[in-house]
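Accompanying notes for the structure given below.
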2 protein chains.
Amino acid sequence: MDSPSPRWLTEEEKLAWLGLVSAMVRLPAALDAQLQRDAGISHFEYQVLSGLSMSAERTLRMSELAQMSDGSLSRLSHVISRLEKRGWVHRTPDPADGRYTLAVLTDDGWDKVVASAPGHVEAVRALVVDPLTRTQLRQLTEITRRINHAIDPGGTCTG
Amino acid sequence: MDSPSPRWLTEEEKLAWLGLVSAMVRLPAALDAQLQRDAGISHFEYQVLSGLSMSAERTLRMSELAQMSDGSLSRLSHVISRLEKRGWVHRTPDPADGRYTLAVLTDDGWDKVVASAPGHVEAVRALVVDPLTRTQLRQLTEITRRINHAIDPGGTCTG
DNA sequence: GACGCTGAGTTGAAGCGTCAAGTGAACCAG
DNA sequence: CTGGTTCACTTGACGCTTCAACTCAGCGTC
């Protein structure tokens, strides 16, 4: 339990860290706010619907979808229940293996994604893409790649 | 309701965006997990305690503390109630102006911060600082500065 | 083919954040 | 000094996430 003189952050490091924390906290909040206001869904729900919309047959196993949208299986299950009530998704046991459950995007769900996407993309542009130069965007790609690798060396989906 | 041909993201932009989303979702989760496991507090609670510990008299007005820790006043009020129950903080009306409430870090609260900080700093190092080069850290500072400015042009605390 | 094992998914309870309404201190107008 | 306004903060209810059981399909073993 003795800390062998913890390596404190330098001023430069602290500056980078504080900026990152602030962005890390406020960017999700800003995206949620836009989607909630304009589409009545959360960013996570958008990720789920969008993930399905980009998949073959607009269908994905629950576990794959959970991984793709960076959420727990339990969280996804609750969310899919809500989306099902709203008529945007429905569930079916996988005919190939009854242990899996398939989440399928309905036509209404597809329409919802199509209607929500432009506003969301605009927000992403306004908050992240447009304020940065192309060079910074490439730097950001490499930086987040390294951070994501540090968080999960297994690299489930980051290749 | 007609979208004037939304400017979709290029492949390069999408790559940067997806990487950022993943980091944005998983980094807070990883930091919360470390603090919850090793210190029994959330990252937000740590920010609050840490913010107080760095202030003169270990004291701050609720509204200042809320702004500093990127949270709503309501959220802070609930959190301070919990921290008060644990004996790490106590509240006092501001003698200078009774409309304000001062949150004061107790000695136990100070000890808690001192005990939690090294582990937290280690996590920050492991997940962000060490995986990046000095150059990348400087790039990240500028990138998050621009994003934070886009989120809140008023720049409440980012100077 | 009955048994236990594994792993996907579901469910309900508990905890936290948000929203909207409420409280109360200072201040100002008359 | 009385009534209204503002602003900082608090409170309670509701919604979402998490955690810990639980269910159930498939698979292997005997």
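Lettering of chains follows the sequences in order, A, B, ..., and the numbering in each one begins at 1. These values consider heavy atoms only, across backbone and side chains, with no hydrogens, waters or symmetry-generated copies.
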Same cluster or not: A:I143 versus A:L15, using hydrophobic residues (I, L, V, M, F, W, Y) connected whenever any side-chain heavy atoms lie under 4.5 Å apart? no
Do the side chains of B:L60 and B:M54 join up, straight or via other hydrophobic residues, at under 4.5 Å, putting them in one cluster? no
Tell me: [atom1] of [X] to [atom2] of [N], nearest whole Å?
X      : N     : atom1 : atom2 : value
B:D94  : D:dC9 : CG    : P     : 9 Å
B:L65  : D:dA8 : CG    : C1'   : 14 Å
B:Y100 : D:dC7 : OH    : P     : 10 Å

Can you name the atoms? Protein N/O to nucleotides 1-3 of chain D N/O, anything below 3.5 Å, with the distance.
none

Pairing of [X] and [Y] as salt bridge, 4.0 angstrom limit:
X      : Y      : result
B:R134 : A:E12  : yes
B:D130 : A:R7   : yes
B:E142 : B:R138 : no
B:R58  : B:D107 : yes

By ring pair (Phe, Tyr, Trp, His ring centres under 6.0 Å) - contacts of B:Y46 (at least two apart): B:H120
Position toward the 5' end of DNA chain D (nearest nucleotide), B:L73 or A:D97: B:L73
Which pairs with one or both residues in residues 95-105 of chain A pass salt bridge (Lys or Arg N to Asp or Glu O under 4.0 Å), sequence neighbours excluded? A:D97-A:R99
Just the endpoints, please: which first and last nucleotides of DNA chain C, 5' to 3', lie under 4.0 Å from a heavy atom of chain A? C:dA8 to C:dG12
What nucleic acid atoms does A:S77 come within less than 4.0 Å of, heavy atoms only: base, sugar-phosphate, or nothing? base
I need the minimum non-hydrogen distance between A:R125 and B:W8, along with the two atoms involved. NH2-O, 2.9 Å
Looking only at heavy atoms, which two atoms of B:L65 and B:S69 are closest? And how far apart? O-OG, 2.5 Å
Residues forming a side chain to side chain contact (heavy atoms under 4.5 Å, CB included) with B:L27, sequence neighbours excluded: A:L20, A:M24, A:I147, A:I151, B:L31, B:L127, B:V128
Return a single string for nucleotides 14-24 of chain D, one symbol per nucleotide in 5' to 3' order, where B is base contact, S is sugar-phosphate-only contact and - is none, cutoff 4.0 angstrom on heavy atoms. --SBBB-----
